[in-house]
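None of these values were measured; they are calculated from a predicted model. Hydrogens, waters and symmetry mates play no part in the numbers below; they use all other heavy atoms, side chains included.
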Amino acid sequence: MRLYFLAKTASEVGTLIRLFASDLDGTLYNPLHETDRGITRRLRRVVDAGRHVALATGRWSSTAAELGFGDLPLEVVSANGAFVYAPGGRLIRSVAIDPAVLEELLGAFPTACFVCIAPEGTFVRGSRDQQEASYVAPAGILGRLVARRARVRNDSFAFDQTDAQVLGHQVCKVNCRALDAGLKAEVDAFVREHAGALVNASFDGDLFELTEVSVNKGESLAWLADHLGIAEDEVAVYGDGGNDLAMLERFDHAYATSNASSEAKRAAGTVIGSCALHAVPRHMLATVRREG
């Protein structure tokens, strides 16, 4: 594995990077899981240089503004790749879970609090209290801050949805926190039995993040690059965890933060600095400057 604070840029091997794509938590965001002036200032310079920047996240959001990036014209690849949005929030691609498989999932676990995400909103098969109880954050002040912010975002959710109401939407992602060991084992088994239809790309062992089997950040970023007329060797990607592995493995110009998991570092091959030091936006801007 190669370790640099600012790794070699694509210009050193004769390639111009036209699309930069980054995970958020532990990667582009700072340690408070948010943006700040140092991050947005560098991204604006990258965009002003004529490059595309895509936010690739497990969260479901349609605009960069919702994710804290203000009026920056950024593409958004959200829900682990189930949705792709143009700057401003126009949906340009979504991949739904097979409705028959979704119906079987809901029927197999009638009391589970499934959070079902469709293009038009988030529909929870459970109460607000059940959904908020599923948040588990690291101990300490930072953990409590992250959990509180997650709860605030619930205000846009539709709770206490019936199976029929959920199935009335083209659901593209299902989240479920399985704190009970028995439930976790049963959902694990269900996903294995439906490996041809579902994939679980979660950053947390107790959290299921289910999408259609072909969906991942790498595949959706490749689709976005093609949509923009950009070759895959003109894409640079940044990540730190399990749901980033597909994109880190797919693209030649792949970088992991120094705080990333060992799996992400191996998949990327090149490790840059910590998210606490704005390593990702610094690396993007350094690439643009070196390429001229």
Side-chain angles (χ1 to χ4, degrees), residues 1-29 51-59 75-84 93 95 172-173 188 191-192 195-205 207-228 230-275 279-281 283-284 287:
M1 181 186 302
R2 298 162 287 165
L3 176 62
Y4 306 110
F5 177 71
L6 285 179
K8 288 183 178 180
T9 64
S11 62
E12 296 177 60
V13 293
T15 301
L16 181 72
I17 296 300
R18 299 172 59 201
L19 170 61
F20 295 91
S22 180
D23 173 55
L24 297 181
D25 298 286
T27 310
L28 184 57
Y29 277 160
R51 314 301 174 89
H52 290 270
V53 176
L55 308 175
T57 177
R59 306 180 188 205
E75 282 83 13
V76 176
V77 174
S78 68
N80 285 336
F83 302 97
V84 181
R93 186 185 193 231
V95 182
C172 298
K173 185 168 185 267
D188 268 329
V191 174
R192 287 196 303 272
L198 291 175
V199 64
N200 177 34
S202 174
F203 70 94
D204 182 329
L207 179 64
F208 289 90
E209 297 186 54
L210 307 178
T211 57
E212 198 272 337
V213 67
S214 69
V215 168
N216 60 67
K217 292 183 182 181
E219 190 271 341
S220 291
L221 284 169
W223 182 92
L224 175 61
D226 183 68
H227 176 76
L228 296 172
I230 295 173
E232 290 194 25
D233 65 355
E234 297 175 318
V235 178
V237 297
Y238 303 82
D240 79 311
N243 64 0
D244 301 321
L245 297 182
M247 72 174 181
L248 294 174
E249 291 169 348
R250 175 155 189 156
F251 296 96
D252 292 339
H253 307 295
Y255 308 95
T257 49
S258 61
N259 51 277
S261 69
S262 57
E263 293 83 2
K265 290 176 180 177
R266 283 194 296 270
T270 300
V271 180
I272 58 176
S274 170
C275 68
V280 170
H283 189 275
M284 290 179 182
T287 300

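Checked against salt bridge (charged side-chain N to carboxylate O under 4.0 Å, His left out), Glu75 has no partners two or more places apart in sequence or in another chain.
You'll find the side chain of Met247 reaches within 4.5 Å of the side chain of Asp23, heavy atoms only. Counting heavy atoms from C-beta outward, Thr211 and Val95 have side chains that stay 4.5 Å or more apart. Considering only heavy atoms from C-beta on, Leu224 stays 4.5 Å or farther from Arg93 through its side chain. Side-chain atoms of Val235 and Leu221, non-hydrogen and from C-beta on, never get closer than 4.5 Å to each other. Counting heavy atoms from C-beta outward, Asp188 and Phe208 have side chains that approach closer than 4.5 Å. With a 4.5 Å cut-off on side-chain heavy atoms, Leu198 and Val213 do not count as touching.
Separating the CG atom in Leu248 from the OH atom in Tyr255 is a distance of 11.5 Å, to the nearest 0.5 Å. Put simply, CG on Leu228 and NE2 on His52 are 4.5 Å apart, with the number rounded to the nearest 0.5 Å. Here CD1 of Ile272 is found 7.0 Å from OG1 of Thr257. Values are rounded to the nearest 0.5 Å. The CG atom of Asp233 lies 5.5 Å from the NE2 atom of His253; values are rounded to the nearest 0.5 Å. With rounding to the nearest 0.5 Å, the separation of CG in Leu19 from CD in Glu232 is 10.5 Å.
Minimum interatomic distance between Gly241 and Ala264 (heavy atoms only, all atoms of both residues): N-CB, 3.9 Å. Ala201 approaches Asn80 most closely through the heavy-atom pair O-ND2, 2.9 Å. Closest non-hydrogen pair, Ala267 versus Leu245, comes out as CB-CD2, 4.0 Å. Nearest heavy atoms, Gly239 versus Thr27: C-OG1, 3.6 Å. Summarising the geometry of Ala268 relative to Ala256, their closest heavy-atom pair is CB-N, 3.6 Å, with the distance given to 0.1 Å. Summarising the geometry of Arg250 relative to Gly218, their closest heavy-atom pair is CD-O, 3.8 Å, with the distance given to 0.1 Å.
Checking side-chain atoms of Asn200 against main-chain N and O of Glu209 turns up a donor-acceptor pair under 3.5 Å. Lys173 places no side-chain N or O within donor-acceptor distance of the main-chain N or O of Ser78, the cut-off being under 3.5 Å. Not one N or O on the side chain of Arg51 forms a donor-acceptor pair closer than 3.5 Å with the backbone of Phe20.
Applying the side chain to side chain contact (heavy atoms under 4.5 Å, CB included) test between Tyr29 and each of Val280, Leu55, Leu24, Thr57 identifies Leu24 as the sole match.
Among residues at least two apart or in separate chains, salt bridge (charged side-chain N to carboxylate O under 4.0 Å, His left out) pairs with a member in residues 238-249 are Lys217-Asp244.
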